[in-house]
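These notes are about the structure you will find just below.
Heavy-atom basis, side chains included; hydrogens, waters and symmetry copies ignored. Read the numbers this way: they start at 1 and go in the same order the structure lists the ligands and their atoms.
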Amino acid sequence: MARKAVLLGSTGSIGVSTLDLFEASGAAVEILALTAGSNVALLAEQSLRWRPQIAVIADERLLPQLRQRLQYSGVQAAGGAGALAEAACMNADWVMAAIVGTAGLAPTLAAARSGAVVALANKESLVCAGPALLQAAKAAGGVVIPVDSEYSAIFQALAGEKPERVSRLILTASGGPFLNWTKAQMECATPVQAVAHPNWSMGAKISIDSATMMNKGLELIEAAYLFDTPAAQIEVLVHPQSIVHSLVEYVDGSTLAQLGLPDMRAPIAYAFAWPDRLDWPAPRLDLAAIGSLTFQAPDNDRFPAIGLARAAMSLGTGGPAALNAANEAAVTAFLDRRIGFLDIARTCEETLGIMDRKGQLAAAYGDPIARAVDIDAVARMTASTVIGALKSPVETGT
Ligand code: NAD
Ligand code: MG
């Protein structure tokens with residue numbers, strides 16, 4: 001029986017890898033919906049190939065273009081946030097949640113509430129509303145399977161073990177393109193240099209997050225929620241080859257690791273087939289060819305993001321959402337060359353500090369999405385003031 005699947009964010013790096021995996025594995029899958037933010041051309045092309053019931057473009061202004069491209073195809077075209085939310089809960093067996101940014105919050109939660117297996121790539125929904133998201137999935141009889149390589153590794157290393165016997169979760173980090181740069185060099189880094197990740201090919205936002213190591217900071221927060229583990233029991237280990245995807249240490253001193261090539265199709269395959277495994281012609285790991293694997297402690301001075309993530313968690317339940325929003329605003333400003341590379345972390349730190357002093361991080365009330373959206377908005381406004389006060393690299397001539 002073909003599994004019914006919905007792909008939220010099908011035109012992104014994760015979405016494309018998911019369809020690529022379906023193609024390469026010949027997995028029995030019936031696609032109910034494909035969705036994209038604004039890439040009409042690719043969404044139409046994917047829809048003509050995979051024939052979902054519906055294709056949704058989030059930017060409603062592009063709906064006429066999508067309609068035109070899908071004319072006579074039998075694929076229904078829809079646009080806007082409402083259509084996106086409907087696609088998220090179409091009675092699918094499996095939903096890939098791979099929209100980037102806070103735009104993914106509401107559709108991911110809708111998918112969790114539908115009781116489907118949610119393959120979760122969208123970091124922001126977990127960072128901003130993790131406990132609510134996991135609870136919603138549980139209440140609906142569904143399950144959240146993490147798609148990121150690190151939690152996929154931890155998830156696999158935890159299988160069959162008692163959670164109370166875990167002593168540490170160890171998240172590996174490649175260290176990004178600036179691992180061996182000096183602080184002075186990092187101060188002048190350009191967006192092109194920051195996006196060029198040594199091992200993984202990813203969307204621009206997450207590539208910058210890898211360069212600042214904010215990606216690992218956000219992952220630390222996600223791991224704390226996903227595996228119900230205090231942040232103090234989660235550590236980060238720099239491993240430039242990205243072969244050991246993460247590790248779990250147990251009370252008896254045994255440490256279990258999961259290894260694989262840096263290819264997102266592997267964690268996607270695991271999330272798709274779980275609790276089984278997908279038999280597909282995956283590229284195999286040849287450790288003899290790789291030769292050596294190296295590890296080092298993260299440098300908290302050049303990469304303050306991990307410390308910021310720990311601070312965000314300790315400042316209040318709104319801290320992670322504020323950090324995430326400040327970081328998104330700062331990454332956009334960096335990509336637009338309005339601020340320098342190291343200003344991304346400075347913006348996050350100052351935003352957290354200002355919001356903490358105003359008592360804006362502790363507030364807790366009803367609907368988790370409304371709350372996350374509120375904190376997100378305040379953090380973006382605060383970050384934008386902080387960014388405005390920084391000197392742009394263009395002004396300073398770097
Ligand atoms: P991407 O930028 O390549 O793709 C994002 C997708 O979201 C696209 O399909 C885009 O059309 C859609 N989208 C963008 N804005 C939207 C909006 N406003 N409304 C609706 N849809 C919108 O990003 P990606 O690299 O595929 O990452 C997706 C998510 O997965 C992110 O949260 C990222 O942090 C996470 N993630 C990615 C990787 C990776 O290897 N790429 C690894 C782990 C986690
Ligand atoms: Mg990761």
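Protein heavy atom at the shortest distance from atom 2 (O) of ligand 1 is Val100 CG1, 3.8 Å. For atom 29 (C) of ligand 1, the closest non-hydrogen atom of the protein is Ile99 O, 3.8 Å. Atom 3 (O) of ligand 1 has Ser13 N, 2.8 Å as its closest protein atom, hydrogens excluded (heavy atom only).
With a 4.5 Å cut-off on side-chain heavy atoms, Asp343 and Phe334 do not count as touching. For the pair Asn327 and Ile344, the minimum side-chain heavy-atom distance is below 4.5 Å. Counting only heavy atoms from C-beta outward, the side chains of Leu109 and Ser125 never approach each other to under 4.5 Å.
Close contacts of ligand 1 with Gly203, meaning ligand atoms under 4.0 Å from a residue heavy atom, involve 3 (O), 25 (O). Within ligand 1, counting atoms from 1 as listed, the ones closer than 4.0 Å to a heavy atom of Ile206 are 25 (O), 33 (C), 34 (O), 36 (N), 37 (C), 38 (C), 42 (C), 43 (C), 44 (C). Using a 4.0 Å cut-off to heavy atoms of Gly37, the atoms of ligand 1 that qualify are 10 (C), 11 (O), 12 (C), 13 (N), 16 (C), 20 (C), 21 (N), 22 (C). The distance from ligand 1 to the heavy atoms of Glu124 drops below 4.0 Å at these ligand atoms: 32 (O). Residue-ligand proximity, Ala58 to ligand 1, at heavy-atom distances under 4.0 Å covers atoms 19 (N), 20 (C). Proximity to Ala36 (heavy-atom distance under 4.0 Å) selects the following atoms of ligand 1: 11 (O), 21 (N). Near Ala103, the atoms of ligand 1 lying under 4.0 angstrom from a non-hydrogen atom of the residue are 17 (C), 18 (N), 19 (N). Counting atoms of ligand 1 from 1 in the listed order, those under 4.0 Å from a heavy atom of Ala98 are 5 (C), 6 (C), 7 (O), 28 (C).
For Asn91, the CG atom sits in a loose shell: 12 or fewer heavy atoms of surrounding residues, nucleotides or ligands are nearer than 6.0 Å. Remark: Arg165 CZ is loosely packed, at most 12 non-hydrogen atoms of other residues, nucleotides or ligands lying under 6.0 Å away. Summarising the local packing, CD of Glu328 is surrounded by more than 12 heavy atoms from other residues, nucleotides or ligands at distances under 6.0 Å.
Put simply, no part of Asn39 is less than 4.0 Å from ligand 1, judged by heavy atoms.
Phe303 and Phe178 have their aromatic ring centers separated by at least 6.0 angstrom.
Ring geometry, Phe295 versus His239: the interplanar angle falls under 30°, so the pair is classed parallel (tilted spans 30 to 60°).
Side-chain contact of Arg302 with Gln185: a donor-acceptor pair under 3.5 Å is absent, judged by distance alone. Using modelled atom types, one finds a donor on one side chain and an acceptor on the other under 3.5 Å when comparing Arg380 with Thr102. Side chain to side chain, Asn215 and Lys123 meet the donor-acceptor criterion of an N or O pair below 3.5 Å. Inspection of the Asn39 and Thr11 side chains reveals no N or O donor paired with an N or O acceptor under 3.5 Å. When only modelled atom types and interatomic distance are considered, Ser152 and Gln156 share a side-chain donor-acceptor pair under 3.5 Å.
Checked against the Mg ion (ligand 2), the N, O or S atom of Glu150 at the shortest distance is OE1. Per residue Asp148, closest N, O or S atom to the Mg ion (ligand 2): atom name OD1. Per residue Glu219, closest N, O or S atom to the Mg ion (ligand 2): atom name OE2.
Here's the thing with Asp148: none of its N/O atoms is less than 3.5 angstrom from an N/O atom of ligand 1. Looking at ligand 1, you'll find an N or O of Gly12 within less than 3.5 Å of one of its N or O atoms. Between Gly9 and ligand 1, an N or O atom pair is found at a separation short of 3.5 Å.
Closest to atom 9 (O) of ligand 1 by heavy atom, among Thr11, Ile57, Thr18, Thr35, is Thr11. Checking Pro107, Gly101, Ala121 against atom 30 (O) of ligand 1, the nearest heavy atom belongs to Ala121.
Residue contacts with ligand 1 for Ile14 involve both N, CA, C or O and side-chain atoms from C-beta outward (heavy atoms, distance under 4.0 Å). The proximity of Met264 to ligand 1, defined as any non-hydrogen pair under 4.0 Å, is limited to the side chain.
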